[in-house]
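First up is the structure itself, then whatever we jot down about it.
Index from 1, following the sequence. These values consider heavy atoms only, across backbone and side chains, with no hydrogens, waters or symmetry-generated copies.
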Amino acid sequence: MKLDNEWVELVIEAKKIGISITDIREFFKGKIHQNTEMIALCTTFNKNEHGYKEWCEQNSNGFVFNHFRNTDSAKQMNKIHRANCYSLKVAKDEGKRTYPYEKSVPRI
């Protein structure tokens, strides 16, 4: 996947505050999403459908990290999507897109 500027900037900022490339990879694989400074570089939507929907409308070409909370077996489902990806807009998920999944987006 080609990274666009917001993700490149996120990686640069993470490295500036001492986060290793390994930690960045682990974060985006979903193995690290609690207790890390990476969260400071992202906005995470948890039980915030309205905020998430609003962000997507304003950033349709942005990236969204879709990650499952606290379930090791589900971590294989963690993915990075474009905000306008059809799989993030499935009708059956209406009202539950930010829980139990969380969505994280770059703050930069």
Side-chain angles (χ1 to χ4, degrees):
M1 172 194 328
K2 181 180 176 236
L3 294 178
D4 79 2
N5 290 341
E6 65 184 341
W7 287 99
V8 171
E9 289 177 31
L10 175 72
V11 170
I12 290 168
E13 290 303 310
K15 288 180 77 176
K16 281 183 190 174
I17 60 173
I19 298 172
S20 72
I21 289 291
T22 300
D23 285 345
I24 293 168
R25 285 185 185 130
E26 294 297 294
F27 177 80
F28 289 114
K29 287 180 185 174
K31 294 180 180 176
I32 299 174
H33 72 272
Q34 300 285 333
N35 304 320
T36 177
E37 291 176 297
M38 282 296 290
I39 292 298
L41 298 175
C42 294
T43 297
T44 298
F45 298 99
N46 181 332
K47 297 182 183 177
N48 181 357
E49 300 290 311
H50 177 75
Y52 169 67
K53 184 177 179 181
E54 189 174 276
W55 185 91
C56 286
E57 288 170 358
Q58 295 172 1
N59 299 278
S60 63
N61 288 322
F63 286 97
V64 174
F65 176 46
N66 191 38
H67 50 101
F68 202 80
R69 294 175 48 86
N70 304 322
T71 305
D72 289 336
S73 63
K75 291 189 192 278
Q76 67 204 26
M77 297 185 293
N78 296 343
K79 295 193 176 10
I80 296 175
H81 298 267
R82 285 274 185 191
N84 59 4
C85 178
Y86 73 92
S87 67
L88 295 176
K89 299 178 181 184
V90 177
K92 71 177 178 115
D93 295 335
E94 189 68 37
K96 54 183 180 173
R97 289 190 174 98
T98 61
Y99 193 84
Y101 282 95
E102 293 178 334
K103 308 291 191 276
S104 293
V105 299
R107 266 189 207 178
I108 297 170

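- Remark: K47 qualifies as a cation-pi partner of Y99 under the 6.0 Å distance and 45° angle criteria applied to the six-membered ring.
- Put simply, the side chain of W55 does not reach to within 4.5 Å of the side chain of T43, judged on heavy atoms.
- A 4.5 Å side-chain heavy-atom check between E102 and F45 finds every atom pair outside the cut-off.
- A distance of 6.0 Å separates NZ of K53 from CD of E94, quoted to the nearest 0.5 Å.
- For the pair V64 and L88, the minimum side-chain heavy-atom distance is below 4.5 Å.
- Atom SG of C85 and atom CZ of F63 lie 11.0 Å apart (nearest 0.5 Å).
- A pairwise comparison of heavy atoms in K89 and A83 identifies CE-O, 3.7 Å as the closest pair.
- A donor-acceptor contact shorter than 3.5 Å links the side chain of T98 to the backbone of N48.
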- Message: Walk me through whether Q58 and E54 qualify under side chain to side chain contact (heavy atoms under 4.5 Å, CB included).
- Response: CA-CA 6 Å; Q58 295 172 1; E54 189 174 276; 3.7 Å; yes

- Show the numbers, then the answer: is there a side chain to side chain contact (heavy atoms under 4.5 Å, CB included) between K103 and F65? CA-CA 6 Å; K103 308 291 191 276; F65 176 46; over 6 Å; no

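- Counting all heavy atoms, side chain and backbone alike, E49 lies closest to K96 at OE2-C, 3.4 Å.
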